[in-house]
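Ligands are counted one by one from 1 in listed order, and the atoms in each one are counted from 1 as well.
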Amino acid sequence: MNYISNPKSTEELQDIDFKHHFHPFTATSDLKDPGARIITRAEGVYLNDSEGKRYLDAMAGLWCVNIGYGRKELAEAAYRQMKELPYYNTFFQTSHPPVIELAETLAKLLPGNMKKIFFSSSGSEANDTNIRLVRHYWQSLGKPNKTTIISRKNSYHGSSVGSASLGGMQAMHAQGCLPIPDICHINQPYWYGEGNYYSSEDFGLARARELEEKIHEIGEEKVAAFIAEPIQGAGGVIIPPKTYWPEIKRICKKYEILLIVDEVICAFGRTGKWFGCDTYDIAPDIMTIAKGLSSGYQPIGGSAISEKVSNVFDDLGGEFSHGYTYSGHPVAAAVALENLRILKEEKIIENVEKNSSSYIKSKWEELAEHSMVGEARIQGMMGAIELSPDKNNKTPFRAPPGTAGLKTREICFENGLIMRHVYDRMIISPPLIINESEIDELVSLAWKCLDLSMKQLKQEGLWS
Ligand SMILES: *Cc1c(COP(=O)(O)O)cnc(C)c1O
């Protein structure tokens with residue numbers, strides 16, 4: 001194997017990593033023992049670690065490597081751009097060709113009436129931009145009291161102070177005095193977990209109407225925006241009931257509040273169409289994009305702004321006192337353009353829509369027959385299975401929530417499959433280019449790992 005920058009042994013790397021690298025979302029104790037998994041190479045849907053072990057990456061990294069690993073065209077686009085103009089900013093009345101071309105390409109590609117893009121290097125930054133942007137918008141219209149943003153429990157919008165406040169993750173709020181003021185959360189449309197006594201349709205309506213109740217409670221004159229993911233990703237691939245989005249759209253229209261759709265995961269094919277907004281027929285005022293925009297090959301994100309919103313700023317003519325050093329970074333923009341070209345020319349998303357999404361759906365839903373699975377759901381290329389020792393009654397395991405999920409994830413890693421767990425749910429979001437034999441492999445590995453996990457949970461007395 002040809003290591004590029006890895007002459008050290010796995011043990012040495014793990015040791016240094018533990019000593020000097022502070023990791024996101026990782027227990028420090030796990031880095032000490034057993035140590036980090038050192039990933040060294042990737043191709044297509046497969047990863048290799050420093051021991052030469054191969055994994056099927058059913059998460060596409062962190063939901064982002066939509067075109068798969070190893071596309072040299074993106075490396076070449078970065079190389080060309082770095083030689084010509086490695087960096088220049090977009091502040092103070094300057095611009096450059098790659099960012100101009102990317103903004104135009106996106107404005108044409110995005111659904112609804114998206115007109116302008118404010119660039120960032122990540123989804124978190126883009127959502128922070130959105131907080132300032134919607135407040136600035138209402139101020140500009142002479143309504144400075146419209147500052148409150150309504151979001152949802154168990155949503156994920158990023159890790160910065162602002163975006164984690166928008167998010168509804170309790171563990172994140174607990175570390176660092178979040179949320180910041182004027183952000184509040186309503187319940188999520190999680191039917192399997194919270195919709196016990198309702199049909200999914202009634203539950204979807206009831207959860208959407210919490211938005212209306214919240215608007216009444218706060219006062220319409222104080223509400224700036226509502227933010228939501230089309231399908232919650234990090235919360236556990238929560239696919240809303242059919243009735244949910246139409247009702248949300250009705251409410252946002254009736255009251256004067258902006259709709260921010262966080263498409264960081266859903267955009268660029270993940271839900272089986274180009275955008276989650278296409279899947280759910282939503283025309284947002286602002287859309288957050290990142291991850292699949294460059295298939296993760298470069299850090300880039302953005303806030304897409306509809307005509308209605310951007311016209312207000314155009315008419316005003318003033319400045320938005322906001323920006324990142326790397327807003328519209330030329331190398332990231334060039335790579336994103338190349339990624340979009342490949343997605344379009346190779347009809348990767350059309351293939352998901354017409355072929356692979358129905359194939360993976362039929363295979364994935366077979367997992368519902370496993371004794372450890374209470375539900376298997378999937379939309380496009382994002383899916384989840386709910387683990388339960390008693391599928392009919394959705395009984396929990398005899399262990400704290402998340403124990404069975406974590407054990408199952410570890411078994412998956414050992415067996416060459418990367419599936420993530422969210423409490424006792426296993427989730428997938430594979431590269432969009434995954435083919436039928438790779439889907440077969442994914443599902444049969446998942447089945448095998450569920451068998452092994454069930455056996456282990458029984459042995460440990462955690463089954464029920
Ligand atoms: C990952 C994610 C973010 C944050 O993006 P980063 O690039 O990690 O900052 C925001 N929203 C959603 C829906 C995400 O999945």
Side-chain angles (χ1 to χ4, degrees), residues 23-26 59-66 117-133 149 151-169 171-173 176 178-179 183 185 188-190 225-240 245 259-271 275-277 279-280 282 284 286-304 324-329 332-333 335-336 339 379-384 420 422 425 427-430:
H23 282 247
F25 293 104
T26 304
M59 283 307 300
L62 288 175
W63 324 79
C64 55
V65 189
N66 289 11
I117 323 293
F118 190 102
F119 287 102
S120 63
S121 302
S122 69
S124 301
E125 287 175 348
N127 278 326
D128 272 28
T129 297
N130 292 340
I131 295 174
R132 300 197 54 206
L133 190 75
I149 301 172
S151 180
R152 305 182 298 179
K153 293 175 189 168
N154 195 41
S155 61
Y156 187 80
H157 298 296
S159 259
S160 58
V161 168
S163 62
S165 294
L166 289 176
M169 302 282 176
M172 293 178 74
H173 290 173
L178 304 181
I183 290 176
H185 300 82
Q188 57 179 333
Y190 177 28
F226 172 64
I227 182 168
E229 303 153 80
I231 294 173
Q232 286 152 266
V237 185
I238 291 161
I239 302 170
W245 272 109
L259 175 58
I260 309 169
V261 175
D262 184 341
E263 289 248 22
V264 170
I265 287 176
C266 294
F268 309 108
R270 181 60 52 201
T271 65
F275 296 94
C277 285
T279 297
Y280 292 106
I282 311 165
I286 295 172
M287 184 194 278
T288 322
I289 52 176
K291 297 192 169 113
L293 172 55
S294 67
S295 283
Y297 282 58
Q298 280 284 293
I300 184 165
S303 304
Y324 307 108
T325 300
Y326 301 131
S327 284
H329 192 286
V335 169
N339 176 60
Q379 170 68 43
M381 284 285 165
M382 57 196 298
R420 188 161 141 186
V422 178
R425 265 162 268 164
I427 58 180
I428 58 160
S429 158

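Inter-residue side-chain proximity for Y156 and V264 is flagged as unmet; no heavy-atom pair is nearer than 4.5 Å. Taking 4.5 Å as the limit, some side-chain heavy atom of M172 sits within range of a side-chain heavy atom of S159.
Listed by chain and residue number, H322 satisfy the ring pair (Phe, Tyr, Trp, His ring centres under 6.0 Å) test with Y324 (two or more places apart in sequence, or in another chain).
Contact residues for ligand 1 (protein heavy atom closer than 4.0 angstrom to any ligand atom): S122, G123, S124, N127, Y156, H157, G158, E229, D262, V264, I265, K291.
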Inset, instruction - Would you please test R420 and W63 for side-chain contact (heavy atoms from CB on, under 4.5 Å) and show each step? - result: CA-CA 11 Å; R420 188 161 141 186; W63 324 79; 3.1 Å; yes
Inset, instruction - Dump the intermediate steps for side-chain contact (heavy atoms from CB on, under 4.5 Å) on R270 and T279, then the final yes or no. - result: CA-CA 10 Å; R270 181 60 52 201; T279 297; over 6 Å; no
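Each of M382, Q232, Q379 was scored for a side chain to side chain contact (heavy atoms under 4.5 Å, CB included) with I239, with one residue passing: Q379.
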